[in-house]
S.K.: 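Structure below; questions to follow.
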Amino acid sequence: MLHYIGRRLLQLIPVLLGMTFIVFMIIRAIPGDPAQVILGQQASEEAIKALRTNLGLDNPWYIQYFDYLKGLVTGDLGESLRTRTPVVDEVWPYLAATIELSLFAIIIAVVIGINAGIISAWFQNSWFDYLAMIIALIGVSMPIFWLGLMNQWIFSIELGILPTTGRENVRDPVDVVTNFYVIDTLIAGNFDQLATVLKHLVLPGTALATIPMAIIARMTRSSMLEVMRSDYVRTARSKGLSMFWVVYKHALKNAIIPVLTIIGLQMGLLLGGAILTETIFGWPGIGRYIYEAIGFRDYPVIQSGILIVAFIFVMINLFVDLLYGLVDPRIKYD
Amino acid sequence: MGKKKFLSWAFLLLLLVSTALYGCSSDNASENSEGESGSEGDSAEQKVLIFGRGGDSVSLDPITVTDGESFKVTKNVFDTLVNFGEQDTEIEPALASEWTASDDGLTYTLTLEEGVKFHDDTDFNAEAVVKNFERWAAGDGEQYPYYGSMFGGYGDEEGHVIESVEATGDYEVTFTLKRPQAPFLKNLAMSPFAIASPTAFESAGDAFGDNPVGTGPFKFVEWKRNDTITIEKFEDYWVEDEPKLDQVVFRAIPDNSARLNALLSGEIDLADGITPSDASTIEGDENLQLFERPSMNVGYLGMTVTREPFDDPKVRQAFNHAIDKQALVDAFFEGRAEVAKNPIPPVISGYNDSIEGYDYNPERAKELLAEAGFPDGFEMELYAMPVPRPYMPDGQKVAEAIQKNLADVGVTAEIVSFEWATYLEKAANGEADAFLLGWTGDNGDADNFLYALLDQDNVGTNNYTYYESQELHDVLIQAQSEVDEDVRNDLYMQAQEIIHEDAPWVPLAHSTPLLAGGNNVVNFKAHPTGSDKLASVDLE
C-alpha cells in the first residue's frame with residue numbers, strides 16, 4: 001500500500017502544477033492592476049509604476065510564473081501584495097477556521113444524511129421516505145444566502161438562542177493556540193467558552209451542511225436499496241438476524257463505498273466553496289480570504305490560496321481511497 | 001490484511017499529527033506579532049463597545065494605507081497634530097495646541113502639548129514629530145502613498161512641498177514650505193499623518209502595522225484577521241476624562257443584512273454601512289438609534305468626453321436635463337441624500353450655491369440632442385457599479401432608472417457591469433461611454449474634489465471622463481497656493497461655473513451614509529471623513 005500512496009503522491013505533482021498554471025494565467029488575463037488597487041484612487045502615475053516594478057509585475061508572464069514556481073519548491077508561497085506579509089505566515093488562521101467549520105458541517109451531514117438515507121431505504125415508500133427525500137430535494141436547491149439570513153432571524157433575533165455571526169463571543173475572546181477554537185478552549189479548560197464556540201458553529205455549520213447532507217442521504221438511500229435486494233441480505237434475514245443488525249452491520253458495509261466517495265468530494269468542496277457561508281456568517285475563513293484577494297488582485301494570495309485548497313482536496317480524496325480498503329477487504333492497492 | 005489495516009490507521013494518524021503540529025508551529029510564529037493579549041477577563045464590569053463594519057483593516061500603520069477601514073481603527077490609536085471638528089472639517093487643536101502661519105504662507109510654527117506619552121512610554125515632543133516626517137519623506141509612493149499625493153512628493157523631489165521640518169524647541173515644530181499650500185493644515189489633520197512612536201517604528205520596521213503605538217485614547221491589544229481588532233483604554237491618555245470606554249472591538253461582518261441581524265440580536269453595539277432601505281426598520285425599533293454621517297461625497301454619472309457623441313457639450317448638457325435626480329434620490333437613497341448640482345458637496349467651503357442646477361426637462365434635452373445632430377437619439381453603453389458604496393447604494397437600480405430617463409429622450413442605453421477592479425480599470429482607460437461613480441473626500445477641501453477628479457493633470461487616474469480644460473486648470477492651480485481664504489473660495493466658485501457649463505458629469509447626489517447603534521450608545525458622532533473618534537463615546 002505504501003507503494004500505492006507513493007504513486008498517488010507522485011501523480012499529485014503534475015495535477016498541482018497544471019492547476020497553478022491555469023490559475024496563474026486566468027488571474028492575469030482578467031483586467032485590473034494590483035498596483036492601482038493597492039495604492040487607491042489617489043495614487044500618482046509614478047507611484048503605480050514604481051510599485052509595479054517593485055512587485056515584479058513588469059516582467060513577462062513566464063518569468064513571473066517561473067519565479068513563483070521557484071518559490072514554491074523552497075516552500076515560499078509568495079507574499080501578499082496587500083498586507084506585505086508572507087502567505088505562509090498569514091494563511092493558517094483562515095485555513096483553521098474553515099477546516100473547523102467544514103468538519104463540523106460534514107459531521108452533521110454524515111450523521112444525519114447517512115441515517116436518513118438508511119431509514120428511507122429500510123422503509124422504502126413510507127411517509128418517512130417521502131418526507132426525507134422531499135427535504136433532501138429542498139436542501140439541494142436551497143440558496144444558502146436566504147437560508148442563512150432566515151436562520152439568523154429565527155434563532156438569533158426571535159428566539160435569542162444562537163449567535164448570528166463570528167466564531168466567538170468577542171467580549172470573552174478565546175486564547176488562540178492552534179486556531180481551532182474547539183481545541184483551544186479545551187486546552188484552556190474553559191468549558192463555558194467551548195459551549196459558546198460550539199453555539200457559534202451551529203448556524204454556519206448547518207447552513208453549510210444542508211447540501212452535502214441532502215446529497216449523502218440520497219446517495220445512501222439508492223446504494224442501500226441496491227444492497228438490500230441482494231442475496232446475502234435475504235440469507236441473513238432468514239437466519240433470524242434482526243433487521244437493525246442486518247441493515248447497519250451487513251448491508252451498510254457494502255453500500256458505503258459510493259457514499260464515502262461522495263463524502264470525500266463534499267468535504268473538499270466545503271473547504272473551497274464556503275465563501276457564501278463565510279460571508280453571511282462573518283466567518284474569517286479561507287474562502288473569504290481568497291475571494292477578497294481577487295477583489296484586490298492580490299495574485300500571490302489567490303494562487304497560493306487555491307493551491308492549498310486544491311492540495312487538501314486531493315489529499316482528502318486519497319485518504320478516502322485508502323479508507324475503501326478498511327471498509328471493504330476485497331479492495332486491494334497495488 | 002491486518003498489516004494493511006494498521007498501515008491505513010498509521011497514515012491517518014500521521015495526517016492528523018502533522019496538521020496539528022503545523023497549527024502549533026505557525027501559531028508560535030504569529031505570537032510575536034500579535035503582542036500581549038492576555039489581559040482580558042472579567043468583561044462583565046468592563047465597558048466594551050463592539051463596532052460592526054463591512055471589512056477588515058489592511059494595516060494599522062496609517063501612513064502605509066489608503067483604505068477607510070484601516071483609518072477607522074488608527075484614528076483611535078493615534079492622534080494627529082491638528083484635528084478636524086467633531087462633525088466637520090474645520091481645523092482644531094490636537095497634539096498641537098496652537099499654531100501660527102507666516103503671511104506668505106511658507107512657514108508654519110506649531111506649539112505642541114506637553115506631558116503627552118506614547119503607549120510605550122516614549123515621550124511625545126518636537127523630536128518625535130520630526131522623526132515621523134523624516135520617515136515619511138524618505139519613503140516613496142509605494143510605501144507611503146498618501147504622503148506623496150497630499151504633499152506633492154518625497155525627499156528632494158521637485159513637487160515635494162515641505163522644504164524642512166525642524167524642532168525649534170522641545171515643544172515647537174517649524175514647517176518650511178517651498179511654496180504656499182492652502183490646505184496644508186487640513187492635510188495634517190488627515191488620519192495617515194498621525195504621529196507614531198519613533199521608538200516603536202524604528203524597532204518594528206515593517207511589522208509596525210501589526211503592533212501600532214501612538215498617543216491615542218486606545219492602545220492596540222489584538223488582531224484576529226478578517227475577524228476582530230481589539231483596542232483598550234490607554235490610562236495615561238493626555239485628554240482628561242477620556243476615553244470613556246474600556247475596550248473597543250472592531251468586527252468585520254461583510255454582509256449588510258447579517259450585520260444588521262447581529263445588531264438586532266445585540267451581538268454588536270454599532271453597525272456602519274446601513275442601507276437606506278433598512279433605515280425605517282431601525283427608526284421603528286425602540287432599542288436602536290440611527291446615526292447620520294454628514295455628507296462629504298458625491299455620486300455622479302461621468303461621460304467620457306473623448307468618445308463620440310460625448311465630445312459635444314450639448315449632448316452632455318442634454319443628459320443633465322434628461323435625468324430626474326430627485327426621483328433617483330427618493331427611490332434609491334430613500335430620501336437620505338441631497339440632489340447634487342456641483343461636484344463638491346455643500347459642506348465644503350467654496351461651494352457655489354448660486355449655480356442653478358440643470359432641471360429635469362426631457363423636452364429641453366431632446367432639443368439639445370437635436371441641436372447636436374441627434375434628433376433620433378443614439379445607442380450607448382452605460383456602466384453600472386457592481387458594488388454598493390455610500391455615495392451609490394445600488395448602482396444597478398440607479399442605472400436602470402437612468403436608462404428609462406434616457407429612453408424618454410430617444411437614447412438607447414445598454415447597461416453593462418463588471419467586477420469592481422475591472423470596472424475601474426475600464427473606466428480609467430476611457431472605455432466607457434458613460435459610467436456611474438463617486439468620491440468621498442479625504443480632507444474636506446475643494447481641491448480634493450475639483451482638482452483630483454476633473455483637472456487635466458489627473459486624466460487617466462481619477463479624472464475618468466478625460467475632460468480637459470486649460471481655463472479650469474489655471475484656476476485650480478492658482479487656488480492651490482492661494483493663502484487668502486476668500487480669494488480662494490472665489491476661485492473655486494469660478495471653477496464650478498466652468499464645470500457646470502462644460503458638463504462632463506451629471507452630478508447626482510450627495511448621500512448621507514447611515515450607521516445604527518443600540519440605545520445605550522452615548523455621544524457617538526459620525527464624522528464626515530468616515531473615521532470616527534470614539535474617545536468620548538460611552539455606554540450606559
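Computed from a predicted model, the values in this text were never measured in an experiment. Each chain gets a letter, A, B and so on, in the order the sequences are listed, and its residues count up from 1.
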S.K.: Should we count CG of B:N429 as having more than 12 external heavy atoms under 6.0 Å?
M.R.: yes
S.K.: Just give me the residue among B:N458, B:T228, B:I50, B:L264 that pairs up with chain A most often, heavy atom to heavy atom, under 4.5 Å.
M.R.: B:I50
S.K.: If I compare all heavy atoms of B:K224 with all of A:V174, which pair ends up nearest, and what's the gap?
M.R.: NZ-O, 3.1 Å
S.K.: Identify which part of A:F296 has an atom lying under 4.5 Å from any heavy atom of chain B, answering side chain, backbone, both or neither.
M.R.: neither
S.K.: Would you name the heavy atoms of A:S156 and B:S265 that are closest together and state the gap between them?
M.R.: O-CB, 4.0 Å
S.K.: Heavy-atom distance under 4.5 Å to chain A: side chain of B:R259, backbone, both or neither?
M.R.: neither
S.K.: Would you mind checking which part of B:D227 comes under 4.5 Å of any heavy atom in chain A, side chain (CB onward), backbone (N, CA, C, O), both or neither?
M.R.: both
S.K.: So for A:E158, is it side chain, backbone, both, or neither that comes closer than 4.5 Å to the heavy atoms of chain B?
M.R.: neither
S.K.: Side-chain contact test, heavy atoms from C-beta onward, threshold under 4.5 Å: evaluate it for A:E292 versus B:N226 and give yes or no.
M.R.: yes
S.K.: Assess whether a salt bridge exists between B:D269 and A:R171, defined as any Lys/Arg side-chain N lying under 4.0 Å from an Asp/Glu carboxylate O.
M.R.: yes
S.K.: Around atom OH of A:Y291, are there more than 12 heavy atoms from other residues, nucleotides or ligands closer than 6.0 Å?
M.R.: no
S.K.: Provide the closest heavy-atom pair for B:N261 versus A:I157 in the form atom of the first, atom of the second, distance.
M.R.: OD1-CD1, 3.3 Å
S.K.: Counting only heavy atoms closer than 4.5 Å, note whether A:R297 contacts chain B via side chain, backbone, both or neither.
M.R.: side chain
S.K.: Name the region of B:E419, side chain, backbone, both or neither, that has any atom closer than 4.5 Å to a heavy atom of chain A.
M.R.: side chain
S.K.: Pick from A:I280, A:N169, A:T164: which one has the most heavy-atom pairs with chain B under 4.5 Å?
M.R.: A:T164
S.K.: Which bit of B:V58 comes within less than 4.5 Å of chain A, counting heavy atoms only: side chain, backbone, both or neither?
M.R.: both
S.K.: Please report the closest heavy-atom contact between A:T165 and B:E267, naming both atoms and the distance.
M.R.: N-OE1, 3.4 Å
S.K.: Compare every heavy atom of B:D255 with every heavy atom of A:F145, then report the nearest pair and how far apart it is.
M.R.: CE2-OD1, 3.4 Å
S.K.: Indicate the atoms forming the closest heavy-atom contact of B:P254 with A:G282, along with that distance.
M.R.: CD-CA, 4.0 Å
S.K.: Among A:E90, A:R82, A:E278, A:R288, which residue has the highest count of heavy-atom pairs closer than 4.5 Å to chain B?
M.R.: A:R288
S.K.: Assess, by modelled atom type and distance only, whether the side chains of A:R84 and B:S59 contain a donor and an acceptor separated by less than 3.5 Å.
M.R.: no
S.K.: Out of A:T85, A:L149, A:T83, which one racks up the most heavy-atom pairs below 4.5 Å with chain B?
M.R.: A:L149
